[in-house]
Amino acid sequence: MNNDTLAILLIFGLPVVAIIANAVKSIAGQKSTSQPDPMLQAALTQAEAHATRLEERIDQLERILDEDIPGWRARNAR
């Protein structure tokens, strides 16, 4: 590689690398400094509690069906 090629790579390559590094640094800084939205966090907590209650209800209904209608799972799998 001759000196002209090296000079061209340095002239055009270094700014591109610097721009990419700056963009990555900026994105990483934004992610680490952003605080989660308290309203969103509350909604997610409430949704998780609701999903847990629904899962418990489904489990209870399945137990009832298992006792009252044996084989209901096989009939409904068709």
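Along the sequence shown, residues are numbered consecutively beginning with 1.
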Enquirer: In the hydrophobic cluster built from side-chain contacts under 4.5 Å, what are the other members alongside L61?
Expert: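 Result for L61 is none, singleton.
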Enquirer: Could you name each residue pair satisfying salt bridge (charged side-chain N to carboxylate O under 4.0 Å, His left out) that touches residues 37-57, not counting sequence neighbours?
Expert: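 Counting only pairs at least two positions apart or across chains, no salt bridge (charged side-chain N to carboxylate O under 4.0 Å, His left out) contact touches residues 37-57.
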Enquirer: Holding to side chain to side chain contact (heavy atoms under 4.5 Å, CB included), I want the full list of residues that pass it with L44, two or more places apart in sequence or in another chain.
Expert: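 With sequence neighbours excluded, L44 shows a side chain to side chain contact (heavy atoms under 4.5 Å, CB included) to L40, given in chain and number order.
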Enquirer: Quick one: name the residues clustered hydrophobically with I58, using the 4.5 Å side-chain heavy-atom rule over I, L, V, M, F, W, Y, and just say none if it's on its own.
Expert: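 Besides I58, the cluster holds no residue at all.
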Enquirer: Among residues at least two apart in sequence or on other chains, which ones pass side chain to side chain contact (heavy atoms under 4.5 Å, CB included) with D68?
Expert: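 D68 satisfies side chain to side chain contact (heavy atoms under 4.5 Å, CB included) with I64 only.
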Enquirer: Does W72 sit in a hydrophobic cluster with other residues, and if so which ones, taking ILVMFWY side chains as linked at heavy-atom separations under 4.5 Å, directly or through other members?
Expert: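 L65, I69, which link up through side-chain heavy atoms under 4.5 Å apart, make up the rest of the cluster.
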